[in-house]
There are 2 protein chains.
Amino acid sequence: MTVQYARSANVYDLRQASPAAPPSMLHTDDGFDLFQGLGARMSFDRDEEIFGEGEPADFVYRVISGAVRTYRVLSDGRRQIGDFHLAGDLFGLEAGREHMFSAEAIGHCEILVCRRSALFGIAARSAELGQALWAQTALELERAQAHLMLLGRKSACERVATFLAALADRCPGDREIVLHMSRQDIADYLGLTIETVSRTFTQLQSDGVIALNGCRHVQILSRGALARLTQ
Amino acid sequence: MTVQYARSANVYDLRQASPAAPPSMLHTDDGFDLFQGLGARMSFDRDEEIFGEGEPADFVYRVISGAVRTYRVLSDGRRQIGDFHLAGDLFGLEAGREHMFSAEAIGHCEILVCRRSALFGIAARSAELGQALWAQTALELERAQAHLMLLGRKSACERVATFLAALADRCPGDREIVLHMSRQDIADYLGLTIETVSRTFTQLQSDGVIALNGCRHVQILSRGALARLTQ
DNA sequence: CGTATCGTTGAAATATATCAATCGCAGTGG
DNA sequence: CCACTGCGATTGATATATTTCAACGATACG
């Protein structure tokens with residue numbers, strides 16, 4: 001059997017429950033089922049820590065409902081959020097022994113938790129699952145690289161636009177984006193201050209690019225304009 | 001055989017030629033030899049493209065001598081350098097079909113080039129090598145995450161200090177750091193302008209933290225002071 | 001030795017941060 | 001039901017770090 005290296009064609013798509021995934025010898029359906037078979041459900045309250053930077057990475061997590069932030073802090077408290085994880089997303093998978101960042105529930109969350117050793121036990125015998133673990137890490141790297149471009153070279157407006165466009169891409173059908181996270185979370189993700197994020201939202205609103213229904217509900221009025229601002 | 005998930009204990013350490021690595025059934029010695037057995041030597045001139053973003057990722061590369069930058073550009077030319085790769089470093093390994101960024105030689109370079117399919121052929125049968133490929137991607141992710149913190153939350157001075165400290169860590173014995181890259185490269189890596197980088201170097205010099213012997217040779221006078229600036 | 005390129009320095013402009021006040025909403029208790 | 005409270009978001013005024021624009025200096029190269 002050959003190694004499948006196209007992420008999209010992977011037997012174990014660890015990221016999303018894709019009904020179209022081919023059946024596997026190890027499990028009934030796709031990655032999601034595999035994971036579910038192995039994992040246990042847990043729930044976390046708002047701002048509750050799921051794991052901390054430096055802790056042993058003995059578990060792998062998937063968001064069932066709610067949202068999670070992964071982040072690192074400098075000694076003086078400056079925080080950089082590495083990523084937001086929404087329903088269906090996997091997080092906390094490490095190749096090394098320890099977590100490289102901390103994870104917290106943004107609001108109340110249902111999380112599927114799976115022993116890493118269980119996955120690893122299978123991966124030792126199955127090149128396919130090993131491949132899927134790799135693809136998951138590669139996906140995170142890809143997101144980190146896009147984030148690098150954003151933080152290093154984009155203006156505040158471009159950052160916010162990129163952020164909103166990425167969220168909109170996750171739920172292409174929906175008329176409205178629901179922001180699970182606070183302005184502070186967004187600011188710490190985009191490398192800005194809360195005030196700049198707020199000002200940029202109102203700017204985009206007065207330019208007719210978005211509409212805000214309360215600060216957590218964003219409607220994208222012009223997809224084209226938003227894409228142009230994205231750079 | 002179990003999967004070894006501690007990066008340091010990996011049989012195939014793809015990143016460095018470590019003579020201490022245990023022998024493998026697939027090859028004589030360690031990751032470096034394995035790669036060398038499979039690869040072909042090539043050389044690239046200054047600013048020559050090694051591969052471009054979006055091109056098929058059919059090869060994996062290792063720096064023999066010289067230095068390489070990997071980067072992405074926005075449509076208007078703004079560039080973000082993702083990483084610098086020095087002697088011994090692996091780069092261009094992708095889980096997906098295409099390269100996620102471009103790579104160029106910073107100066108004249110000797111590069112070891114290996115067909116990805118060769119590695120993948122082995123990885124399909126060996127959980128160990130699969131593991132090593134994963135560890136390599138995880139290492140890149142780890143570096144990207146540190147870079148994220150730098151770009152999102154550190155001041156210009158902290159960025160430069162972090163950059164120099166990281167370089168110094170790579171060659172702990174040497175009294176002097178050799179900068180293979182231009183100020184523009186450093187600026188595009190740190191998310192700053194060339195002028196700010198230059199000013200920060202002179203600032204660090206007048207603070208007695210570093211000494212410059214020509215703009216490409218940096219001596220670290222106070223490791224402690226530099227570490228403190230790193231945050 | 002001239003020329004091109006890269007790096008440094010200075011002065012001015014600007015995007016974003018900081019500081020501070022107000023607003024608005026959700027939850028709470030009288 | 002309505003005022004009270006608290007927290008997050010918005011807005012304004014000001015400060016500042018970094019960028020931009022421009023000139024000059026240094027270094028490498030033919």
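Just so it is clear: chains get the letters A, B, ... in the order the sequence lines come, proteins before strands, and each one is counted from 1. These numbers come from the heavy atoms of this one structure, side chains and all, not from hydrogens, waters or symmetry mates. As the structure is a prediction and not an experimental result, all values here were calculated from the model.
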Under 4.0 Å between a side-chain N or O of A:Arg199 and OP1 or OP2 of D:dT11?
-> no
Rounded to whole angstrom units, what separation is found between the CZ atom of A:Arg159 and the P atom of C:dA15?
-> 14 Å
Looking for any heavy atom pair under 4.0 Å, which part of the strands does B:Ser182 touch: base, sugar-phosphate only, or nothing?
-> sugar-phosphate
The answer to which of A:Ala156 and B:Met181 contacts DNA chain C further toward the 5' end, by nearest nucleotide, is B:Met181
Report the C-alpha separation of A:Tyr61 and A:His85 in whole Å, then their side-chain angles, then the decisive distance to 0.1 Å, and conclude whether the ring pair (Phe, Tyr, Trp, His ring centres under 6.0 Å) test is met.
-> CA-CA 10 Å; A:Tyr61 306 81; A:His85 306 274; over 10 Å; no
For B:Arg78 and D:dT19, what is the distance between atoms CZ and P respectively, to the nearest whole Å?
-> 13 Å
Which residue lies more 5' along DNA chain C, comparing A:Val197 with B:Arg216 via nearest heavy atoms | B:Arg216
Given atom CD of B:Gln184 and atom C1' of C:dC6, what is their separation to the nearest angstrom?
-> 10 Å
What integer distance in Å separates B:Arg153:CZ from C:dT16:P?
-> 13 Å
Taking only side-chain nitrogens and oxygens of B:Thr196, does any of them come within less than 4.0 Å of OP1 or OP2 of D:dT18?
-> no
Establish, yes or no, whether a centroid distance under 6.0 Å links the rings of B:Phe51 and B:Phe59.
-> no
Atom pair distance, as rounded to whole Å: CG in B:Asp47 and P in C:dC6 | 8 Å
Among C:dT8, D:dT10, D:dT19, the one nearest B:Cys215 by side-chain distance = C:dT8
Whole-Å distance, A:Glu195 CD to C:dA15 C1', equals 14 Å
Toward the 5' end of DNA chain D, by each residue's nearest nucleotide, A:Thr202 or A:Arg46 = A:Arg46
Distance, rounded to the nearest Å, where A:His180 contributes NE2 and D:dG8 contributes C1' = 18 Å
Which nucleotide in C:dG7, D:dT10, C:dT16 has an atom nearest any side-chain atom of A:Leu212 | D:dT10
Is it the case that B:Arg183 places NZ or CZ above or below the six-membered ring of B:Phe201, under 6.0 angstrom from the centre and within 45 degrees of the axis?
-> yes
Looking at side-chain heavy atoms only, is the closest gap between A:Val68 and A:Phe91 below 4.5 Å?
-> yes
Gap between atoms CZ and P, on A:Phe201 and D:dT11 respectively (whole Å) | 12 Å
A:Arg223, CZ: over 12 other non-hydrogen atoms inside 6.0 angstrom = yes
